[in-house]
Every structure is written in C-alpha cells, then in structure tokens.
Amino acid sequence: MKPALFNVLCEIKEKTVLSIRGAQEEEPADPQLMRLDNMLLAEGVAGPEKGGGSAAAAAAAAASGGAGSDNSVEHSDYRAKLSQIRQIYHTELEKYEQACNEFTTHVMNLLREQSRTRPISPKEIERMVGIIHRKFSSIQMQLKQSTCEAVMILRSRFLDARRKRRNFNKQATEILNEYFYSHLSNPYPSEEAKEELAKKCGITVSQVSNWFGNKRIRYKKNIGGYPSPCYQSDRRIQ
C-alpha cells in the first residue's frame, strides 16, 4: 500500500506542478551569450586552435602596407599573447565545468536519498539539474565577457601600434618629398639611399620603399595619366 501511495503522489505532483514549471522554464538562447561565443570563435580563443592567427592579425596585416619582417615579429607577438588568453580561458572553463559536474552529482545524490522519504520524480531531478546548469552558465558568461574584453584590448593595442608606425611625422614626410622631387627624373632610390633615408626618418627600409612606390603612383595620376617610361613598372602597394 505504501509504495502505491508513493507512486500516486509522484504522479499528481508531476502533473500539477512540474509540468507548469517545465513549460515556463523553456527559455530561448541568450543573444548576449551567442555574441560572446561567436567572438571567441572568430578570434580563435574558443573551439579548435587556429594556426593562422586571429582576425585582428589578419586585419592589421592588410592595413600595414607590407612592412615585411616587422609584420612577422608583430604577428608572432600577437599570437603569443592571444595564446596566453586562450590558455587562461580554457583552464578557467574546465574548472567551471568540473565544479558544475561535481555539484550536479552531489545534488542528484541528495535528491535520490530524499526520494526514499518523499515523492521526487525523475522530471523533478531533471528540472533541478537544469537550474544548476543555468546558474553555472551565468558564471561562465562572466568569464567569456572578461575574455572578450581582454581580446579587444589586445586588438586595440596591436592595431593602434600599427597605425602609429604607418603615419609618418611631418619631418619624415618632408625628407622623403625632398628626395623625391630632387630626383624626379629617376625617383628610384638605391638600397644605400633607402637605408640612409630610413635612418633620417626613423622608419624601416621597407616603409621607405612603400612610400616611394605609392608616391610615384600618386605623382603619375596628378600629372594627367601620361607617365614617363621610368614609372611604367609601378603598381600600387597595398
């Protein structure tokens, strides 16, 4: 008689309370969490590790104007810092998941013990597990948010440094323009001249080469599209 009564009470409880709560607790996916997950995936922090660097490194490479070996060093530095962020993120994520699993197991054991003295259905246990997972998910969101902020700070520093190096100061521009117009008949400085100009301007030889390539293109357009033979081989350096 006692087991039969116990089963009836479980059935009544499930029909009257748990079914209603279960319907109310069907929540749609959190858009903020989806945005964080997408960003972490795009940056190579979440998911399988990307060997080619991140979106920021690729964007900076496109904007750098071909700085050659300087880019390789900077990209390596960026990837090293991003790898540290990735490692910290996954370490903390594993801790959260382990804590969630341990706490879930503990609660399920308690509920099973209590089910000997009061009616607790499997659906109630399932609902409790869902509540625990949602609580830990909100904690994980804080981790994902702080990780995204760290990536954004790294992106900002990396791209800002690239922009500063790309924007020559007034004195450097004057030195380069002076050389260009004084050698207008053949504005192709030798390697020795490039090295000397780079030292005077405080920039790299690669940047000097890029500046002259772009300057020749601009000058060719300004004189009406009829370049002299010495400009024929120039192409715009991106």
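Since the structure is predicted, the reported quantities are computational estimates derived from the model, not experimental observations.
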> Under the 3.5 angstrom rule, does the side chain of H90 hit a backbone N or O of V45 as a donor-acceptor pair?
Replying inline: yes
> Can you tell me if T105 uses its side chain to pair, donor with acceptor, with the backbone of N101 under 3.5 Å?
Replying inline: yes
> Heavy-atom count around E97 CD within 6.0 Å, excluding the residue itself: above 12?
Replying inline: yes
>> I need the C148 SG to I153 CD1 distance, nearest 0.5 Å.
In response: 11.5 Å
>> For K199, is there an ion pair with E195 - N to carboxylate O distance below 4.0 angstrom?
In response: no
> How far does NZ of K194 sit from SG of C201, to the nearest 0.5 angstrom?
Replying inline: 13.5 Å
> Should I88 and L93 be regarded as members of a common hydrophobic cluster, given that ILVMFWY residues are connected when their side-chain heavy atoms come within less than 4.5 Å of each other, either directly or indirectly?
Replying inline: no
> Hey, are the side chains of R86 and L82 touching, using non-hydrogen atoms and a 4.5 Å cut-off?
Replying inline: no
> Are L110 and V129 co-members of a hydrophobic cluster defined by side-chain heavy atoms under 4.5 Å apart?
Replying inline: no
> Is it true that the side chains of E102 and Q98 contain a donor and an acceptor less than 3.5 Å apart?
Replying inline: yes
> H133 versus S137: any side-chain heavy-atom pair under 4.5 Å?
Replying inline: no
>> With a sphere of 6.0 Å drawn around NE2 of H106, does it hold more than 12 non-hydrogen atoms of other residues, nucleotides or ligands?
In response: no
> So, is the end of the R216 side chain (NZ or CZ) under 6.0 Å from the ring centre of Y188 and within 45° of the ring's axis?
Replying inline: yes
> Atom CG of L111 and atom CD of E126: how far apart are they, to the nearest 0.5 Å?
Replying inline: 12.5 Å
>> Nearest 0.5 angstrom please: E178 CD to T173 OG1, how far?
In response: 12.5 Å
> About how many Å separate CD1 of I132 and CZ of R127, when rounded to the nearest 0.5 Å?
Replying inline: 11.0 Å
>> Do I203 and V205 sit in one hydrophobic cluster, given that two such residues count as connected whenever their side-chain heavy atoms are within less than 4.5 Å of each other, even indirectly?
In response: no
>> Check for me, please, whether I125 and F136 land in the same ILVMFWY cluster - side-chain distances under 4.5 Å, paths through other members count.
In response: yes
> With the 4.5 Å side-chain cut-off for hydrophobic clustering, are L154 and M39 part of the same group?
Replying inline: yes
> Would a 4.5 Å heavy-atom cut-off, applied to side chains only, mark Y181 and K215 as touching?
Replying inline: yes
>> Tell me the closest heavy-atom pair linking A193 and Y179, and the distance in Å.
In response: CB-OH, 3.7 Å
>> Measuring from atom CD of E92 to atom NZ of K95, what distance do you get when rounded to the nearest 0.5 angstrom?
In response: 4.5 Å
>> Which label fits F180 and W211: parallel for a plane angle under 30°, tilted from 30 to 60°, or perpendicular past 60°?
In response: perpendicular
> Do you see a donor-acceptor pair shorter than 3.5 Å between the side chains of Q207 and T204?
Replying inline: yes
>> Between I85 and T147, is there a side-chain heavy-atom distance shorter than 4.5 Å?
In response: yes
